[in-house]
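Have a look at the structure below, then the notes.
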Amino acid sequence: MAADSPLSSQLGPPACERDAKALHFIEETTSHADSVQDRVLTEILTRNSQTEYLRRFKLDGATDRETFKSKLPIITYEDLKPEIHRIANGDRSAILSAHPISEFLTSSGTSAGERKLMPTIKEELDRRRLLYSLLMPVMNLYVPGLERGKGLYFLFVKSETRTPGGLLARPVLTSYYKSDHFKTRPYDPYNVYTSPNEAILCPDSFQSMYAQMLCGLLQRQQVLRVGAVFASGLLRAIRFLQLNWPQLTQDIETGALNPKLTDHSLRECMDKILKPNPELAECVRHECSKDNWEGIIARIWQNTKYLDVIVTGAMAQYIPTLDYYSGGLPLACTMYASSECYFGLNLNPMCKPSQVSYTIMPNMAYFEFLPHEPHSFGFPRDSPPKLVDLVDVEVGKEYELVITTYAGLYRYRVGDILRVTGFHNSAPQFHFVRRKNVLLSIDSDKTDEAELQKAVENASRLLREFNTSVVEYTSYADTRTIPGHYVIYWELLGKDSANSPTDEVLKQCCLAMEESLNSVYRQGRVADNSIGPLEIRVVKNGTFEELMDYAISRGASINQYKVPRCVNFTPIMELLDSRVVSSHFSPASPHWTPERRR
Ligand code: AMP
């Protein structure tokens, strides 16, 4: 049924009445982007006018953009730490938001080695749900018939803690999956998952993945799309299948669930779904037992039309591997979001990954854009930069995203660099360029240069008794293995060749580095199994000089040359790898608990 909606014609004919409304909403909101932004800012400033933060900057009830921009500073998380600390410790006064802070969302961005705590309010859940509700209506424009099957999505909850003041602290998706919005969502034929809620909500990551994979296999003919939030998560699921297909197929054959699944509600739910099906077991076994896993997703889930995973930003490194396992199925990147705020969606989700642009939805927050000068370091306090409004950004230019949210972040720098690719009506569309200051990333971990430097320093202390020091180092995110892992190249200088560090010592150096890295990294290593053991590759003396010669031969200036602290250019990798004299892996998991270090 093509519902009649004059405004939705630009996006295409909607698949049903509900889609028509959603597309109409997108058209309306993007057509009046500037007035929607005006309304959003007025609402935020009006309701929060009596908060301590806005009073501090003497806004005096003003809600216009000029006053707001002239009186409020542009801030980062570090500026807000004292307020966050007070809220976490139980201060319930209206510090940032007039609405009570309902919980903290723990970002994958870190501060002092711990996840940043983003305050949120109850009604933000509605805003998130609203953005989610727009995704399928857009997808239905490009892929018809999705209501005739299901989505195999690997979705997980992560551990949560409480702050000293008693507020929950957990990742935004954990908060969403545990909310009634998700748990008691009404039946929607376009959004039926193969995974039951019990599997998604099971806190044990092995049991959760096992049950979700089993459900996906049992319903293989109905699966029309396969996904996870990030590309790394989907590849982890493929790796899980590689390791566990013998047991999974045995369960399918016999109808008896693997005894390793001990979660009571999960077992109860799976018992209703799992029935002996030797034919299906044989079919899955036949595919999985082959040595060649190329195209395995399309072979097992033959009706899959696309993979729904984010492959923009740091996740782009996984595109070739996903193409390999899927046999080249289209990759759909549907949305752009964060713990601070959900930003927008991709209105052309079946485009190539390199062409993905996200349209920021003007109703989600008040957005400003800091022109990004690639080589500048911050900005002087006495000449604050001129921020640009949402509708005023220029195509081709890069900006850093700055947000003002209903939950009480005011002119907050998210740290993402975006490039304008065009407009949908009057709302700009952005290519995600990168997150600032991220050197290494495998999953949701983000390691910056200072963290890597500290890790190298800490680890190299173990070399002192061997009269050995690290003279140069660089790093590489190796995603050829699943899960991927950090590789650190070390050039060592030893003063005592009779007493050089042994393999055991260098392994301990790997572990010492891991212990120094931030908690998101360590959680990935310990709880999520999404990052493999860190590897040190010792290279021959003189290797880094060769690296410099190579850079100079390609035009780098001798005076300005600095050793890159992360590499991914193939000729450089080849040069480094050809000089490796030994390689060492971390022998154990670093320390991690859900509790924050204080
Ligand atoms: P978190 O606060 O842990 O939820 O992480 C949010 C960050 O993940 C964003 O600020 C981006 O840097 C990154 N991110 C989220 N969505 C996308 C996307 N679609 N493409 C690229 N990066 C993304």
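Note that this is a predicted model, so its numbers are computed, not measured.
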Partners passing side chain to side chain donor-acceptor pair (under 3.5 Å) against [X] (at least two apart in sequence or in another chain):
X: R299; value: E287
X: T254; value: none
X: K116; value: none
X: Q219; value: K150

Check whether any side-chain heavy atom of [X] lies under 4.5 Å from a side-chain heavy atom of [Y], and answer yes or no.
X: S97; Y: P119; answer: no
X: P428; Y: T421; answer: no
X: L214; Y: M270; answer: yes
X: Y176; Y: R129; answer: yes

Has the side chain of [X] got a donor or acceptor atom that lies under 3.5 Å from a matching backbone atom of [Y]?
X: N425; Y: A427; answer: no
X: S339; Y: M118; answer: no
X: Q317; Y: S441; answer: yes
X: R185; Y: F182; answer: yes

Which residues pass the salt bridge (Lys or Arg N to Asp or Glu O under 4.0 Å) test with D478, sequence neighbours left out?
->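 R480, R537.
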
Could you pull out all residues at least two apart from R525 that satisfy salt bridge (Lys or Arg N to Asp or Glu O under 4.0 Å)?
->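 Testing R525 for salt bridge (Lys or Arg N to Asp or Glu O under 4.0 Å), a comparison that skips the adjacent residues, returns E514.
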
ring-ring contact (aromatic ring centres under 6.0 Å, His included) partners for Y210, two or more places apart |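 ring-ring contact (aromatic ring centres under 6.0 Å, His included) list for Y210, sorted by chain: F206.
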
Under the ring-ring contact (aromatic ring centres under 6.0 Å, His included) test, residues paired with Y358 that sit two or more places apart |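 So Y358 forms a ring-ring contact (aromatic ring centres under 6.0 Å, His included) with Y336.
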
Apply side chain to side chain contact (heavy atoms under 4.5 Å, CB included) to [X] and list each qualifying residue two or more places apart in sequence or on a separate chain.
X: V36; value: T29, H32, R39, V40, P362, N363
X: E123; value: R47, H99, I121, D126, R127, Y406
X: S530; value: R236, D443, D528

Is there a donor in the side chain of Q429 and an acceptor in the side chain of T359, or the other way round, less than 3.5 Å apart?
->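 The criterion, which ignores hydrogens and geometry beyond distance, is satisfied for T359 and Q429.
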
Taking atom types as modelled, is there a side-chain donor on E27 or H424 under 3.5 Å from an acceptor on the other?
->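 Short answer, yes.
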
All N/O donor-acceptor pairs, side-chain side in residues 130-143, below 3.5 Å, sequence neighbours left out:
| from | atom 1 | to | atom 2 | distance (Å) |
| --- | --- | --- | --- | --- |
| Y132 | OH | Y342 | OH | 2.9 |
| S133 | OG | L130 | O | 2.6 |
| N140 | ND2 | D19 | OD2 | 2.8 |
| N140 | ND2 | M136 | O | 3.2 |
| Y142 | OH | L347 | O | 3.0 |

Heavy-atom neighbours of D291 CG exceed 12 at 6.0 Å |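 Count not over threshold, so no.
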
SB check K122 E103 (cutoff 4.0 Å) =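 Salt bridge flag = no for E103 with K122.
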
Candidate list F369, F367, F423, test ring-ring contact (aromatic ring centres under 6.0 Å, His included), partner F430, passing option |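 With F430 as partner, ring-ring contact (aromatic ring centres under 6.0 Å, His included) holds for just one option, F369.
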
